[in-house]
Amino acid sequence: MDDSSALTIKEQRGDLKTPGQNSPFRNRSIDENIALFKAMREGQFTDGEKVLRAKIDMAHPNMNMRDPVLYRIQHAHHHRTGNAWCIYPMYDYAHPLEDAIEGITHSLCTLEFEDHRPIYDWVVEHCEMPKVPRQIEFGKLRIKNEIQGKRFINQLVTQKVIDEYDDPRLITLSGLRNKGIPIQAIHQFIHALGLPKSEGETELTMLDEEVRHVLSNTPRIHMIKNPLKVTLTNYPEGSVETLETKWFNEGSEDSRMLPFSKHLYIEKDDFLPEKPNKKWKRLSLGLEVRLMHAYFIKAEDMVCDKDGNVIEILATYDPATKSGSDFDERKPNGNIHFVEATTAVKTVVEEYESLLIDEADKTLPLDEILNPNALIRYEAWVEPHLPEDLAYFQAIRLGFYQNTPSGFKRVVALKSSFR
RNA sequence: UGGGCUAUCGCCAAGUGGUUAAGGCAUCGGACUUUGACUCCGACACCGGAGGUUCGAAUCCUCCUAGCCCAGCCA
(Lines give C-alpha, C1' and ligand atoms only; values in the text may rest on other atoms or scores of the structure.)
Protein backbone atom coordinates (compact mmCIF):
# COMPACT_ATOMS: atom_id res chain seq x y z
CA MET A 1 0.00 0.00 0.00
CA ASP A 2 1.43 3.35 -0.97
CA ASP A 3 0.34 6.73 0.40
CA SER A 4 2.32 8.66 -2.20
CA SER A 5 0.58 11.05 -4.53
CA ALA A 6 0.37 10.34 -8.24
CA LEU A 7 2.91 13.07 -8.84
CA THR A 8 5.35 11.63 -6.31
CA ILE A 9 5.03 8.18 -7.79
CA LYS A 10 5.72 9.64 -11.19
CA GLU A 11 8.83 11.41 -9.92
CA GLN A 12 10.07 8.28 -8.18
CA ARG A 13 9.63 6.18 -11.28
CA GLY A 14 12.73 7.56 -12.99
CA ASP A 15 12.80 7.71 -16.75
CA LEU A 16 13.79 5.56 -19.69
CA LYS A 17 17.48 5.77 -18.89
CA THR A 18 17.56 6.26 -15.14
CA PRO A 19 16.30 3.80 -12.54
CA GLY A 20 13.51 4.74 -10.12
CA GLN A 21 13.59 5.21 -6.35
CA ASN A 22 11.88 2.94 -3.86
CA SER A 23 8.82 4.42 -2.23
CA PRO A 24 9.21 5.10 1.52
CA PHE A 25 6.08 2.97 2.04
CA ARG A 26 7.57 0.00 0.23
CA ASN A 27 8.39 -2.04 3.31
CA ARG A 28 5.14 -1.98 5.23
CA SER A 29 4.30 -5.28 6.88
CA ILE A 30 1.93 -7.73 5.31
CA ASP A 31 -0.58 -7.24 8.13
CA GLU A 32 -0.48 -3.49 7.81
CA ASN A 33 -0.91 -3.72 4.07
CA ILE A 34 -3.90 -6.02 4.39
CA ALA A 35 -5.56 -3.76 6.94
CA LEU A 36 -4.98 -0.72 4.76
CA PHE A 37 -6.27 -2.44 1.67
CA LYS A 38 -9.43 -3.52 3.47
CA ALA A 39 -9.97 0.04 4.64
CA MET A 40 -9.41 1.23 1.12
CA ARG A 41 -12.00 -1.21 -0.18
CA GLU A 42 -14.40 -0.07 2.58
CA GLY A 43 -14.19 3.42 1.22
CA GLN A 44 -12.32 5.01 4.12
CA PHE A 45 -10.03 6.99 1.81
CA THR A 46 -10.58 9.59 -0.84
CA ASP A 47 -9.67 9.27 -4.49
CA GLY A 48 -5.92 9.15 -4.93
CA GLU A 49 -5.17 9.00 -1.23
CA LYS A 50 -3.75 5.49 -1.40
CA VAL A 51 -2.90 2.97 -3.99
CA LEU A 52 -1.98 -0.73 -4.10
CA ARG A 53 1.27 -1.48 -5.89
CA ALA A 54 3.13 -4.61 -6.90
CA LYS A 55 6.53 -4.87 -5.27
CA ILE A 56 8.78 -5.80 -8.17
CA ASP A 57 11.84 -3.73 -9.04
CA MET A 58 12.14 0.04 -9.22
CA ALA A 59 15.32 -0.27 -11.26
CA HIS A 60 13.85 -2.56 -13.90
CA PRO A 61 14.73 -1.47 -17.46
CA ASN A 62 11.10 -2.12 -18.43
CA MET A 63 9.30 0.73 -16.74
CA ASN A 64 6.12 -1.28 -16.49
CA MET A 65 7.88 -3.42 -13.89
CA ARG A 66 8.79 -0.50 -11.58
CA ASP A 67 6.25 -1.32 -8.87
CA PRO A 68 3.19 -0.80 -11.05
CA VAL A 69 -0.08 0.36 -9.52
CA LEU A 70 -2.58 -2.50 -9.17
CA TYR A 71 -5.59 -0.83 -7.55
CA ARG A 72 -6.61 2.79 -7.25
CA ILE A 73 -9.50 4.48 -5.50
CA GLN A 74 -12.32 5.90 -7.57
CA HIS A 75 -15.56 6.81 -5.91
CA ALA A 76 -17.32 6.51 -9.20
CA HIS A 77 -20.59 5.11 -10.43
CA HIS A 78 -20.01 2.04 -12.56
CA HIS A 79 -22.43 1.32 -15.38
CA ARG A 80 -22.82 -2.29 -14.26
CA THR A 81 -21.95 -2.51 -10.59
CA GLY A 82 -23.29 0.90 -9.60
CA ASN A 83 -21.70 2.12 -6.36
CA ALA A 84 -20.72 -1.30 -5.03
CA TRP A 85 -17.03 -0.60 -5.48
CA CYS A 86 -14.80 2.37 -4.85
CA ILE A 87 -11.59 0.66 -5.90
CA TYR A 88 -10.86 -0.48 -9.42
CA PRO A 89 -7.99 -2.61 -10.73
CA MET A 90 -5.61 -1.44 -13.41
CA TYR A 91 -5.65 -3.17 -16.81
CA ASP A 92 -2.29 -4.84 -16.17
CA TYR A 93 -3.65 -6.52 -13.07
CA ALA A 94 -7.20 -7.31 -14.18
CA HIS A 95 -6.45 -8.57 -17.66
CA PRO A 96 -4.19 -11.55 -16.85
CA LEU A 97 -6.48 -12.61 -13.99
CA GLU A 98 -9.57 -12.45 -16.20
CA ASP A 99 -7.82 -14.57 -18.81
CA ALA A 100 -6.71 -17.11 -16.22
CA ILE A 101 -10.13 -17.31 -14.58
CA GLU A 102 -11.86 -17.70 -17.93
CA GLY A 103 -9.45 -20.43 -18.98
CA ILE A 104 -8.07 -18.44 -21.88
CA THR A 105 -5.00 -20.19 -23.33
CA HIS A 106 -3.87 -17.69 -25.97
CA SER A 107 -4.66 -14.07 -25.24
CA LEU A 108 -4.25 -12.00 -28.39
CA CYS A 109 -3.52 -8.29 -28.32
CA THR A 110 -1.61 -5.66 -30.25
CA LEU A 111 2.10 -4.93 -30.34
CA GLU A 112 2.14 -2.02 -27.89
CA PHE A 113 1.43 -4.53 -25.12
CA GLU A 114 4.63 -6.46 -25.66
CA ASP A 115 6.24 -4.49 -22.86
CA HIS A 116 3.36 -5.51 -20.62
CA ARG A 117 3.81 -9.23 -21.07
CA PRO A 118 6.30 -9.44 -18.16
CA ILE A 119 3.67 -8.02 -15.77
CA TYR A 120 1.04 -10.27 -17.28
CA ASP A 121 3.20 -13.27 -16.50
CA TRP A 122 4.19 -11.85 -13.10
CA VAL A 123 0.56 -11.45 -12.03
CA VAL A 124 -0.46 -14.91 -13.18
CA GLU A 125 2.51 -16.46 -11.41
CA HIS A 126 2.32 -14.48 -8.17
CA CYS A 127 -1.42 -14.91 -7.84
CA GLU A 128 -0.79 -18.62 -8.25
CA MET A 129 -3.48 -19.03 -10.85
CA PRO A 130 -4.16 -22.70 -11.62
CA LYS A 131 -4.46 -22.06 -15.34
CA VAL A 132 -1.70 -20.21 -17.11
CA PRO A 133 -2.74 -18.11 -20.09
CA ARG A 134 -0.22 -16.76 -22.56
CA GLN A 135 -0.33 -13.32 -24.13
CA ILE A 136 0.58 -13.11 -27.81
CA GLU A 137 0.93 -9.81 -29.59
CA PHE A 138 0.42 -9.03 -33.26
CA GLY A 139 0.47 -6.01 -35.52
CA LYS A 140 -2.58 -3.86 -36.16
CA LEU A 141 -4.33 -4.17 -39.49
CA ARG A 142 -3.62 -0.81 -41.00
CA ILE A 143 -5.25 0.17 -44.29
CA LYS A 144 -3.80 2.61 -46.77
CA ASN A 145 -5.70 5.86 -47.34
CA GLU A 146 -8.26 5.13 -44.65
CA ILE A 147 -9.05 6.50 -41.21
CA GLN A 148 -9.10 3.95 -38.40
CA GLY A 149 -8.28 5.67 -35.13
CA LYS A 150 -11.22 6.21 -32.75
CA ARG A 151 -10.07 9.76 -32.13
CA PHE A 152 -10.05 10.63 -35.81
CA ILE A 153 -13.33 8.91 -36.57
CA ASN A 154 -14.90 10.82 -33.71
CA GLN A 155 -13.54 14.04 -35.16
CA LEU A 156 -15.04 13.24 -38.56
CA VAL A 157 -18.46 12.57 -37.07
CA THR A 158 -18.36 15.60 -34.78
CA GLN A 159 -17.36 17.90 -37.61
CA LYS A 160 -20.04 16.31 -39.79
CA VAL A 161 -17.58 15.32 -42.46
CA ILE A 162 -19.33 11.97 -42.41
CA ASP A 163 -22.82 11.14 -41.22
CA GLU A 164 -22.40 8.58 -38.50
CA TYR A 165 -20.11 5.91 -37.08
CA ASP A 166 -21.43 3.43 -39.61
CA ASP A 167 -20.90 5.73 -42.59
CA PRO A 168 -20.07 3.58 -45.62
CA ARG A 169 -16.94 5.63 -46.18
CA LEU A 170 -15.56 4.22 -42.94
CA ILE A 171 -13.85 0.86 -42.91
CA THR A 172 -15.17 0.03 -39.48
CA LEU A 173 -17.10 -3.22 -39.40
CA SER A 174 -20.39 -1.33 -39.25
CA GLY A 175 -19.23 0.94 -42.06
CA LEU A 176 -18.31 -1.98 -44.25
CA ARG A 177 -21.61 -3.68 -43.49
CA ASN A 178 -23.52 -0.53 -44.28
CA LYS A 179 -21.71 -0.23 -47.58
CA GLY A 180 -22.72 -3.78 -48.37
CA ILE A 181 -19.41 -5.61 -48.12
CA PRO A 182 -20.32 -9.29 -47.70
CA ILE A 183 -19.04 -10.88 -44.52
CA GLN A 184 -17.41 -13.73 -46.46
CA ALA A 185 -15.26 -11.19 -48.27
CA ILE A 186 -14.04 -9.81 -44.96
CA HIS A 187 -13.27 -13.30 -43.73
CA GLN A 188 -11.29 -14.12 -46.84
CA PHE A 189 -9.49 -10.81 -46.68
CA ILE A 190 -8.47 -11.38 -43.06
CA HIS A 191 -7.51 -14.95 -43.80
CA ALA A 192 -5.25 -13.81 -46.62
CA LEU A 193 -3.53 -11.31 -44.34
CA GLY A 194 -2.73 -13.64 -41.48
CA LEU A 195 -1.54 -12.52 -38.05
CA PRO A 196 1.95 -11.11 -38.48
CA LYS A 197 4.00 -9.01 -36.11
CA SER A 198 5.18 -6.70 -38.84
CA GLU A 199 3.45 -3.37 -39.17
CA GLY A 200 2.54 -2.73 -42.74
CA GLU A 201 -0.21 -0.86 -44.50
CA THR A 202 -2.47 -3.00 -46.62
CA GLU A 203 -4.03 -1.75 -49.82
CA LEU A 204 -7.80 -1.99 -49.90
CA THR A 205 -7.73 -3.40 -53.44
CA MET A 206 -7.13 -6.75 -51.76
CA LEU A 207 -10.53 -6.53 -50.09
CA ASP A 208 -12.11 -5.24 -53.31
CA GLU A 209 -10.99 -8.33 -55.15
CA GLU A 210 -12.46 -10.63 -52.49
CA VAL A 211 -15.73 -8.70 -52.71
CA ARG A 212 -15.88 -9.15 -56.48
CA HIS A 213 -15.36 -12.86 -56.05
CA VAL A 214 -18.14 -13.19 -53.52
CA LEU A 215 -20.54 -11.10 -55.59
CA SER A 216 -19.54 -12.51 -58.96
CA ASN A 217 -22.73 -14.49 -59.43
CA THR A 218 -25.23 -11.75 -58.73
CA PRO A 219 -27.76 -10.78 -61.43
CA ARG A 220 -26.59 -8.33 -64.05
CA ILE A 221 -28.67 -5.34 -65.03
CA HIS A 222 -28.36 -2.27 -67.23
CA MET A 223 -27.79 1.06 -65.56
CA ILE A 224 -26.76 4.34 -67.18
CA LYS A 225 -24.82 6.82 -65.05
CA ASN A 226 -24.43 9.67 -67.51
CA PRO A 227 -27.17 9.38 -70.12
CA LEU A 228 -26.67 10.33 -73.74
CA LYS A 229 -29.84 10.26 -75.83
CA VAL A 230 -29.90 7.93 -78.81
CA THR A 231 -32.71 8.09 -81.37
CA LEU A 232 -33.11 5.25 -83.85
CA THR A 233 -34.30 6.96 -87.03
CA ASN A 234 -35.51 3.73 -88.65
CA TYR A 235 -37.42 2.40 -85.63
CA PRO A 236 -41.18 3.03 -85.50
CA GLU A 237 -42.26 5.79 -83.16
CA GLY A 238 -44.48 4.85 -80.25
CA SER A 239 -43.84 1.14 -79.99
CA VAL A 240 -41.82 -0.50 -77.26
CA GLU A 241 -40.47 -3.95 -77.89
CA THR A 242 -39.65 -6.33 -75.04
CA LEU A 243 -36.62 -8.52 -75.32
CA GLU A 244 -36.26 -11.61 -73.20
CA THR A 245 -32.84 -11.65 -71.69
CA LYS A 246 -30.94 -14.00 -69.46
CA TRP A 247 -29.84 -12.56 -66.14
CA PHE A 248 -26.39 -13.69 -66.99
CA ASN A 249 -25.52 -14.98 -63.61
CA GLU A 250 -23.80 -18.25 -64.08
CA GLY A 251 -25.81 -21.42 -63.99
CA SER A 252 -29.15 -19.64 -63.92
CA GLU A 253 -31.90 -20.05 -66.50
CA ASP A 254 -33.78 -17.05 -65.18
CA SER A 255 -34.63 -14.36 -67.64
CA ARG A 256 -35.93 -10.82 -67.50
CA MET A 257 -37.76 -8.52 -69.89
CA LEU A 258 -35.69 -5.70 -71.31
CA PRO A 259 -37.57 -2.93 -73.14
CA PHE A 260 -36.29 -1.48 -76.40
CA SER A 261 -37.58 1.32 -78.60
CA LYS A 262 -36.72 4.24 -80.82
CA HIS A 263 -35.56 6.23 -77.78
CA LEU A 264 -32.63 5.01 -75.77
CA TYR A 265 -29.93 6.18 -73.39
CA ILE A 266 -26.36 5.07 -73.56
CA GLU A 267 -23.39 6.05 -71.42
CA LYS A 268 -21.84 9.39 -72.42
CA ASP A 269 -18.42 7.80 -72.25
CA ASP A 270 -19.41 5.25 -74.85
CA PHE A 271 -19.47 7.76 -77.69
CA LEU A 272 -16.77 9.79 -79.36
CA PRO A 273 -17.44 11.48 -82.72
CA GLU A 274 -14.34 9.94 -84.21
CA LYS A 275 -12.73 6.64 -83.40
CA PRO A 276 -9.60 7.71 -81.50
CA ASN A 277 -7.60 4.53 -82.04
CA LYS A 278 -8.00 0.91 -83.07
CA LYS A 279 -8.57 -0.09 -79.45
CA TRP A 280 -11.80 1.92 -79.27
CA LYS A 281 -14.53 -0.66 -78.90
CA ARG A 282 -17.42 1.73 -78.47
CA LEU A 283 -19.60 3.98 -80.61
CA SER A 284 -18.43 6.61 -83.10
CA LEU A 285 -19.97 8.19 -86.19
CA GLY A 286 -20.18 5.64 -88.98
CA LEU A 287 -19.43 2.77 -86.64
CA GLU A 288 -21.66 -0.06 -85.56
CA VAL A 289 -21.82 -1.46 -82.04
CA ARG A 290 -24.01 -4.07 -80.43
CA LEU A 291 -26.42 -2.88 -77.78
CA MET A 292 -26.12 -5.76 -75.39
CA HIS A 293 -29.01 -8.21 -75.60
CA ALA A 294 -30.58 -6.14 -78.38
CA TYR A 295 -29.48 -4.98 -81.84
CA PHE A 296 -26.53 -3.51 -83.70
CA ILE A 297 -26.85 0.23 -84.07
CA LYS A 298 -24.88 2.50 -86.33
CA ALA A 299 -24.26 6.14 -85.42
CA GLU A 300 -25.17 8.24 -88.43
CA ASP A 301 -25.23 11.75 -87.04
CA MET A 302 -25.11 13.71 -83.83
CA VAL A 303 -26.81 16.77 -82.39
CA CYS A 304 -24.81 19.30 -80.38
CA ASP A 305 -25.83 22.19 -78.15
CA LYS A 306 -24.49 25.70 -78.67
CA ASP A 307 -21.38 24.92 -76.67
CA GLY A 308 -20.56 22.02 -78.90
CA ASN A 309 -21.49 19.31 -76.42
CA VAL A 310 -22.99 16.20 -77.95
CA ILE A 311 -26.54 15.87 -76.68
CA GLU A 312 -28.04 13.28 -78.99
CA ILE A 313 -27.00 10.54 -81.38
CA LEU A 314 -29.04 9.77 -84.47
CA ALA A 315 -28.59 6.15 -85.32
CA THR A 316 -30.07 3.28 -87.28
CA TYR A 317 -30.57 -0.25 -86.07
CA ASP A 318 -30.45 -3.49 -88.05
CA PRO A 319 -33.38 -5.84 -87.26
CA ALA A 320 -31.37 -8.79 -88.58
CA THR A 321 -28.88 -8.48 -85.74
CA LYS A 322 -31.29 -9.18 -82.91
CA SER A 323 -29.64 -10.82 -79.94
CA GLY A 324 -29.88 -14.58 -80.08
CA SER A 325 -30.40 -14.65 -83.85
CA ASP A 326 -26.95 -16.05 -84.53
CA PHE A 327 -26.30 -13.20 -86.90
CA ASP A 328 -22.61 -13.31 -87.83
CA GLU A 329 -22.20 -11.51 -91.13
CA ARG A 330 -20.53 -8.52 -89.50
CA LYS A 331 -18.63 -7.95 -86.30
CA PRO A 332 -19.64 -4.93 -84.26
CA ASN A 333 -17.06 -2.43 -83.07
CA GLY A 334 -17.91 -3.34 -79.50
CA ASN A 335 -20.69 -4.07 -77.06
CA ILE A 336 -22.26 -1.36 -74.98
CA HIS A 337 -25.19 -1.31 -72.64
CA PHE A 338 -28.28 0.88 -72.83
CA VAL A 339 -31.61 1.62 -71.29
CA GLU A 340 -34.97 2.28 -72.99
CA ALA A 341 -35.72 5.93 -72.39
CA THR A 342 -39.47 5.88 -71.75
CA THR A 343 -39.51 2.96 -69.33
CA ALA A 344 -36.22 3.50 -67.49
CA VAL A 345 -36.46 4.25 -63.80
CA LYS A 346 -34.54 7.05 -62.15
CA THR A 347 -32.72 5.90 -59.06
CA VAL A 348 -30.44 7.55 -56.53
CA VAL A 349 -27.00 5.97 -56.49
CA GLU A 350 -24.15 6.46 -54.05
CA GLU A 351 -20.56 5.53 -54.79
CA TYR A 352 -17.64 5.53 -52.40
CA GLU A 353 -13.91 5.82 -52.61
CA SER A 354 -11.17 5.92 -49.99
CA LEU A 355 -11.75 8.56 -47.34
CA LEU A 356 -8.28 9.96 -47.88
CA ILE A 357 -6.56 11.04 -51.06
CA ASP A 358 -4.09 8.62 -52.56
CA GLU A 359 -0.69 8.45 -50.86
CA ALA A 360 -2.12 10.50 -48.02
CA ASP A 361 0.36 11.52 -45.35
CA LYS A 362 -1.59 10.69 -42.21
CA THR A 363 0.50 13.04 -40.09
CA LEU A 364 -1.04 16.03 -41.88
CA PRO A 365 -4.26 17.65 -40.64
CA LEU A 366 -7.31 15.68 -41.70
CA ASP A 367 -8.90 18.39 -43.81
CA GLU A 368 -5.82 18.51 -46.01
CA ILE A 369 -5.92 14.86 -46.93
CA LEU A 370 -9.64 14.12 -47.18
CA ASN A 371 -10.70 12.77 -50.55
CA PRO A 372 -13.42 15.09 -51.92
CA ASN A 373 -14.74 12.20 -54.00
CA ALA A 374 -15.09 9.79 -51.09
CA LEU A 375 -18.85 10.05 -51.58
CA ILE A 376 -20.54 10.71 -54.90
CA ARG A 377 -24.31 10.81 -55.18
CA TYR A 378 -26.10 10.95 -58.50
CA GLU A 379 -29.26 9.84 -60.28
CA ALA A 380 -28.99 6.99 -62.72
CA TRP A 381 -31.38 5.48 -65.24
CA VAL A 382 -32.10 1.84 -64.57
CA GLU A 383 -34.02 -0.72 -66.60
CA PRO A 384 -37.48 -1.57 -65.16
CA HIS A 385 -38.81 -4.99 -64.05
CA LEU A 386 -36.20 -5.65 -61.36
CA PRO A 387 -37.13 -8.36 -58.87
CA GLU A 388 -38.38 -6.95 -55.57
CA ASP A 389 -36.05 -9.11 -53.52
CA LEU A 390 -32.95 -8.03 -55.39
CA ALA A 391 -30.28 -7.48 -52.73
CA TYR A 392 -27.14 -7.25 -54.81
CA PHE A 393 -26.58 -6.90 -58.53
CA GLN A 394 -23.93 -6.11 -61.05
CA ALA A 395 -24.58 -3.05 -63.16
CA ILE A 396 -22.98 -4.22 -66.35
CA ARG A 397 -19.68 -2.56 -67.13
CA LEU A 398 -19.92 -0.44 -63.95
CA GLY A 399 -19.74 -2.39 -60.73
CA PHE A 400 -21.48 -4.29 -57.99
CA TYR A 401 -24.25 -2.52 -56.11
CA GLN A 402 -26.38 -3.09 -53.06
CA ASN A 403 -30.10 -2.41 -53.41
CA THR A 404 -31.38 -0.47 -50.38
CA PRO A 405 -34.62 1.37 -49.64
CA SER A 406 -32.82 4.68 -50.13
CA GLY A 407 -31.27 3.71 -53.45
CA PHE A 408 -28.30 1.84 -54.79
CA LYS A 409 -24.97 1.78 -53.01
CA ARG A 410 -21.89 0.77 -54.90
CA VAL A 411 -20.09 -2.01 -53.07
CA VAL A 412 -17.17 -2.18 -55.45
CA ALA A 413 -16.42 -1.08 -58.99
CA LEU A 414 -15.65 -3.52 -61.77
CA LYS A 415 -12.02 -3.78 -62.76
CA SER A 416 -11.13 -2.19 -66.04
CA SER A 417 -8.11 -2.40 -68.27
CA PHE A 418 -9.48 0.40 -70.45
CA ARG A 419 -6.96 3.19 -70.84
C1' U B 1 25.45 -0.23 -24.75
C1' G B 2 17.75 1.99 -21.09
C1' G B 3 14.25 -1.86 -22.47
C1' G B 4 10.94 -4.32 -25.97
C1' C B 5 9.93 -5.36 -31.19
C1' U B 6 10.15 -5.32 -36.71
C1' A B 7 12.87 -5.62 -41.61
C1' U B 8 11.56 -11.21 -47.90
C1' C B 9 8.87 -8.04 -55.09
C1' G B 10 5.07 -1.33 -55.68
C1' C B 11 1.37 -3.54 -51.29
C1' C B 12 0.29 -7.83 -48.12
C1' A B 13 2.70 -12.47 -47.08
C1' A B 14 4.83 -17.97 -46.97
C1' G B 15 9.52 -19.66 -45.63
C1' U B 16 12.67 -22.08 -38.98
C1' G B 17 20.32 -24.82 -42.94
C1' G B 18 19.65 -28.01 -49.20
C1' U B 19 12.99 -25.09 -52.82
C1' U B 20 13.79 -22.80 -59.65
C1' A B 21 12.60 -17.91 -52.80
C1' A B 22 4.94 -20.17 -52.25
C1' G B 23 0.54 -17.40 -52.90
C1' G B 24 -2.73 -13.02 -53.19
C1' C B 25 -3.24 -7.72 -54.58
C1' A B 26 -1.26 -4.20 -58.06
C1' U B 27 1.20 -3.60 -62.73
C1' C B 28 2.54 -5.00 -67.81
C1' G B 29 1.90 -8.34 -72.21
C1' G B 30 -1.48 -11.85 -74.80
C1' A B 31 -5.93 -15.35 -75.66
C1' C B 32 -11.14 -15.47 -75.15
C1' U B 33 -15.48 -12.47 -74.71
C1' U B 34 -22.92 -9.88 -76.70
C1' U B 35 -19.62 -6.71 -69.67
C1' G B 36 -12.46 -3.19 -72.14
C1' A B 37 -15.73 -7.76 -66.58
C1' C B 38 -15.08 -12.98 -65.58
C1' U B 39 -11.81 -16.96 -67.12
C1' C B 40 -7.15 -18.56 -69.17
C1' C B 41 -1.93 -18.07 -70.47
C1' G B 42 2.72 -15.24 -69.77
C1' A B 43 6.13 -11.44 -67.36
C1' C B 44 7.55 -9.58 -62.57
C1' A B 45 12.82 -10.69 -55.79
C1' C B 46 20.28 -11.60 -56.04
C1' C B 47 15.50 -12.06 -49.06
C1' G B 48 17.71 -3.91 -45.03
C1' G B 49 23.60 -3.64 -45.22
C1' A B 50 28.60 -5.66 -44.19
C1' G B 51 31.36 -9.54 -42.44
C1' G B 52 31.57 -14.67 -40.61
C1' U B 53 30.27 -20.15 -39.70
C1' U B 54 29.04 -24.17 -43.26
C1' C B 55 29.99 -28.60 -48.73
C1' G B 56 25.50 -25.44 -48.64
C1' A B 57 22.51 -19.41 -45.38
C1' A B 58 16.41 -15.53 -46.30
C1' U B 59 17.11 -19.18 -42.46
C1' C B 60 22.90 -19.78 -37.57
C1' C B 61 26.75 -15.94 -35.40
C1' U B 62 28.80 -10.78 -35.15
C1' C B 63 28.52 -5.79 -36.21
C1' C B 64 25.79 -1.95 -38.55
C1' U B 65 21.38 0.67 -40.63
C1' A B 66 16.20 1.99 -40.75
C1' G B 67 11.38 2.01 -38.54
C1' C B 68 7.76 1.13 -34.41
C1' C B 69 6.48 0.91 -28.98
C1' C B 70 7.41 2.28 -23.53
C1' A B 71 8.31 7.19 -18.40
C1' G B 72 -1.19 7.08 -16.91
C1' C B 73 -3.61 6.22 -10.20
C1' C B 74 -5.61 4.85 -19.51
C1' A B 75 -6.55 0.56 -22.22
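Chain letters run A, B, ... following the sequence lines, proteins first and then strands; every chain starts at 1. Reckoned from all heavy atoms, side chains included, excluding hydrogens, waters and symmetry mates.
- Nearest-nucleotide positions on RNA chain B for A:Pro61 and A:Lys322 put A:Pro61 closer to the 5' end.
- For A:Arg282 against B:G36, a side-chain N or O and a base N or O form a donor-acceptor pair under 3.5 Å.
- In this model, no donor atom of one side chain and acceptor atom of the other lie less than 3.5 Å apart for A:Asp31 and A:Ser29.
- For the residue pair A:Thr404 / A:Gln402, no side-chain donor-acceptor distance below 3.5 Å is found, with atom types taken as modelled.
- Using a 4.0 Å heavy-atom cutoff across all strands shown, A:Ile336 reaches no nucleic acid atom at all.
- Look at A:Lys415 and you'll find a side-chain N or O under 4.0 angstrom from OP1 or OP2 of B:A26.
- At the heavy-atom level, A:His213 lies under 4.0 Å from the strands shown only through sugar-phosphate atoms.
- In the model, A:Thr342 has a side-chain atom that pairs as donor or acceptor with a side-chain atom of A:Glu340 under 3.5 Å.
- Contact annotation for A:Ser323: base contact, defined as any heavy-atom pair under 4.0 Å involving a base atom.
- One cannot find a donor-acceptor pair under 3.5 Å joining the base of B:G4 and the side-chain atoms of A:Asn62.
- For A:Asp115, whose side chain is taken as the heavy atoms from C-beta onward, the closest listed nucleotide among B:A71, B:C70, B:U6 is B:C70.
- Side-chain N/O atoms of A:Arg72 include one lying less than 4.0 angstrom from OP1 or OP2 on B:C74.
- Using a 4.0 Å heavy-atom criterion, one finds that A:Gly200 contacts the sugar-phosphate atoms exclusively.
- With hydrogens and angles left out, the side chain of A:His191 and the base of B:A13 share no donor-acceptor pair within 3.5 Å.
- Every residue meeting the salt bridge (charged side-chain N to carboxylate O under 4.0 Å, His left out) condition with A:Lys362, not counting sequence neighbours, appears here in chain and number order: A:Glu201.
- Residues A:Asp99 and A:Val124 have side chains not in contact (no heavy-atom distance under 4.5 Å, counting atoms from C-beta outward).
- Nearest to the side-chain atoms of A:Met292 among the listed nucleotides B:U34, B:A75, B:G4 stands B:U34.
- Within 3.5 Å, a donor on the side chain of A:Lys281 pairs with an acceptor on the base of B:U33, or the reverse.
- On the C1' atoms, B:U19 is 27 Å away from B:C28, given to the nearest whole Å.
- Contacts of A:His95 with the nucleic acid, taken as non-hydrogen atoms under 4.0 Å apart, are absent.
- Using a 4.0 Å heavy-atom cutoff across all strands shown, A:Ile396 reaches at least one base atom of the nucleic acid.
- Across all strands, A:Lys144 comes closer than 4.0 Å to no nucleic acid atom at all (heavy-atom distances).
- No engagement by A:Arg66 is indicated, since no non-hydrogen atom pair under 4.0 Å with the nucleic acid exists.
- Base engagement by A:Arg290 is indicated by at least one non-hydrogen atom pair under 4.0 Å involving a base atom.
- As judged by a 4.0 angstrom heavy-atom cut-off over every strand, A:Gly324 is placed among the base-contacting residues.
- Heavy-atom nearest nucleotides on RNA chain B were determined for A:Leu16 and for A:His293, and the one closer to the 5' end corresponds to A:Leu16.
- Using a 4.0 Å heavy-atom criterion, one finds that A:Phe113 contacts the bases of the nucleic acid, with or without backbone contacts as well.
- A:Gln394 comes within 4.0 angstrom of a nucleotide base, judged by non-hydrogen atoms across all strands.
- Between the P atoms of B:U27 and B:A7, the separation comes to 27 Å (whole Å).
- The residue A:Ser5 sits close to a base: some heavy atom pair falls under 4.0 Å.
- Using a 4.5 Å heavy-atom cutoff, the side chains of A:Met223 and A:Thr347 are not in contact.
- As judged by a 4.0 angstrom heavy-atom cut-off over every strand, A:Thr245 is placed among residues making no nucleic acid contact.
- Comparing B:U8 with B:A14, their P atoms are spaced 11 Å from each other, to the whole Å.
- Residue A:Glu351 comes nearest to A:Tyr378 through the heavy atom pair OE2-OH, 2.5 Å, listed as atom of the first residue, atom of the second, then distance.
- A:Arg397 has a side-chain polar atom (N or O) that falls below the 4.0 Å cut-off from OP1 or OP2 of B:G36.
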